[in-house]
2 protein chains.
Amino acid sequence: MPPKANPQSSEIPTPKGEEPGSPAQRDRRKRIIDATLALAASGGYNAVQMRAVADKAEVALGTLYRYFPSKVHLLVAGLAREFQQTRDKLERTTIPGDTPGDRLVFVLGKTTRALQRDPHLTEAMVRAFMFADTTAAAEVELVGGLMEDMFATAMGKKEPTEHDRAIFHLIADVWMANLIAWVSRRASASDVHQRLELSVRLLINGTSS
Amino acid sequence: MPPKANPQSSEIPTPKGEEPGSPAQRDRRKRIIDATLALAASGGYNAVQMRAVADKAEVALGTLYRYFPSKVHLLVAGLAREFQQTRDKLERTTIPGDTPGDRLVFVLGKTTRALQRDPHLTEAMVRAFMFADTTAAAEVELVGGLMEDMFATAMGKKEPTEHDRAIFHLIADVWMANLIAWVSRRASASDVHQRLELSVRLLINGTSS
DNA sequence: CACGATACTAGAACATGTTATAGTGCATGG
DNA sequence: CCATGCACTATAACATGTTCTAGTATCGTG
């Protein structure tokens, strides 16, 4: 009796709800992302070299590629893990601010400052995110979903409308574009903050005053 | 008698107003960008291989690197040339639309459709633009300036205020982010169009209806 | 337990961006 | 005219992402 439909063999898809694989595999995956983020934090995108990641994670190069088919996948998965943490923390916090817009600005500001505290790490993750090609589209969308979650949480919208989500998307675009500008030294931290605030004012509050 | 200040030797900076170098050099530079864009159009980012560019432009690899210090510089310079053309054409055209916002939407839509007619070329240029690191910041800013010019022209603002420019910047961010999403098949052409329209409505017109 | 499949390892091999080397031609100032 | 310096050429070398190969280990299943 062949199993009805279980085409998961030899594939390691992105974990959606449940963690896939044996405990040893989950551990390897964790070690790999740990190694990736450690290298990224120390020297940015260029320091994340596949051989170095494999060494530090104590897996063979081939194994690394079995888990993550490219450097970009790896770094975007790292960004996803970071954002998951951020989102989960957010969901357990009370966010200050009088209006939903204020709360969103608060969350954006706080998260941005946290990212800016680790410039190399941020550079590595954000550049990979932006550079991602079609083969990493799923991972990038995952991150997009996390940003949406964060914004929805910030604004206290448990079930955002289609219009809400469209706005979140725009804000995410502006956010990432400004982070890229910041990591390539085309924008200062205060530029980034001001632009985020302006976007939220115009996109959420609908006032330009 | 040393020349007062002419540190241009052995440097080939981005041409600002006037074209630098001998005619032969200007010709080489043109051939290089032509070759780059041709390869990009045929196979996208991956097809723009430095040896292939050098061959097609009939220069030695070392010469290619003397003109453009990296693949990203090369492709961003290509994008700059394309946008220069677009901007110049715009400045000679009458743009339809009842309001500045309408005209901006028109220009964004038209330019986006033009880019989408050459998916590989767009993929190559936009991914390089997003991936650019600090060493290519100047080239990226050049492109940013061209986008500002285009938007200002579209809206008939010959001398935009600081606030105008801030808004242009946000729209450019949204535009580029959506192009990236489009080239990596995370957004359809109509997604892109709708988001651009929404951004302009909210950022320029200040109405969400 | 024994077997077969799948996963892992070590290492080589390959692809392509980038840098370095040696030689050639050409233009420019003396 | 000549010497000097610079740009260009051809080519090799190097760095790192990615793929491939052969052997070994591990895991689930009859």
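It should be emphasised that the depicted structure is a prediction, and the values quoted were computed from it without experimental measurement. Naming: A, B, ... by sequence-line order, numbering from 1 per chain.
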Rounding to an integer number of Å, can you tell me how far [X] [atom1] sits from [N] [atom2]?
X	N	atom1	atom2	result
A:Lys71	C:dG17	NZ	P	14 Å
B:Leu64	C:dA20	CG	P	16 Å
B:Arg66	C:dT18	CZ	C1'	15 Å
A:Leu61	C:dC14	CG	P	16 Å
A:Gln25	C:dA7	CD	P	7 Å
B:Asp27	D:dC8	CG	P	12 Å

Ring-ring centroid check A:Phe131 B:Tyr45, cutoff 6.0 Å
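Yes; B:Tyr45 has its ring centre under 6.0 Å from that of A:Phe131.
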Quick one: does A:Lys71's side chain have a donor or acceptor within less than 3.5 Å of a partner on A:Gln49's backbone?
no
Under a 4.0 Å N-O cut-off, is there an ion pair linking B:Asp102 with B:Arg201?
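Between B:Arg201 and B:Asp102 there is no salt bridge, as every charged N stays at least 4.0 Å from the carboxylate O atoms.
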Considering non-hydrogen atoms only, spot the tightest contact between [X] and [Y] and give its length.
X	Y	answer
A:Val48	A:Leu39	CG2-C, 4.2 Å
A:Leu170	B:Ser199	CD2-OG, 3.4 Å
A:Gly78	A:Leu37	CA-CD2, 3.9 Å
A:Ser188	A:Trp182	C-CD1, 3.8 Å

Let's see if you get this right: which residues in residues 126-135 of chain B place a heavy atom under 4.0 Å from DNA chain C?
none
Candidate nucleotides D:dA7, D:dT19, C:dC8, ranked by approach to the side chain of B:Arg28 - the nearest
D:dA7
Restricting both atoms to N or O, compile the protein contacts to nucleotides 22-27 of chain D shorter than 3.5 Å, with distance only.
none

Kindly confirm or rule out a cation-pi arrangement of B:Arg28 over B:Tyr67, judged by NZ or CZ under 6.0 Å from the six-membered ring centre and within 45° of its axis?
no
Step-by-step side chain to side chain donor-acceptor pair (under 3.5 Å) determination, B:Ser190 to B:His193:
CA-CA 5 Å; B:Ser190 90; B:His193 183 75; over 6 Å; no
Counting just side-chain N and O atoms, does B:Tyr65 come under 4.0 Å of either OP1 or OP2 of C:dA20?
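For B:Tyr65, the contact criterion (side-chain N or O under 4.0 Å from OP1 or OP2 of C:dA20) is not met.
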May I ask you to verify if any side-chain N or O of B:Tyr67 is less than 4.0 angstrom from the OP1 or OP2 atom of D:dC8?
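Affirmative; the distance criterion is met.
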Strictly below 4.0 Å, heavy-atom distances to any atom of DNA chain D: list the hits from residues 32-55 of chain B, or just say none.
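Listed by number, they are B:Arg51.
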Would you call the rings of A:Phe83 and A:Trp175 parallel, tilted or perpendicular, taking 30° and 60° as the class edges?
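Rings of A:Phe83 and A:Trp175: parallel, as their planes differ by under 30°.
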Option among A:Asp149, A:Thr111, A:Thr153 that satisfies the side-chain hydrogen bond (donor to acceptor under 3.5 Å, both in side chains) test with A:Arg87:
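Result: among A:Asp149, A:Thr111, A:Thr153, A:Asp149 is the only option passing the side-chain hydrogen bond (donor to acceptor under 3.5 Å, both in side chains) with A:Arg87.
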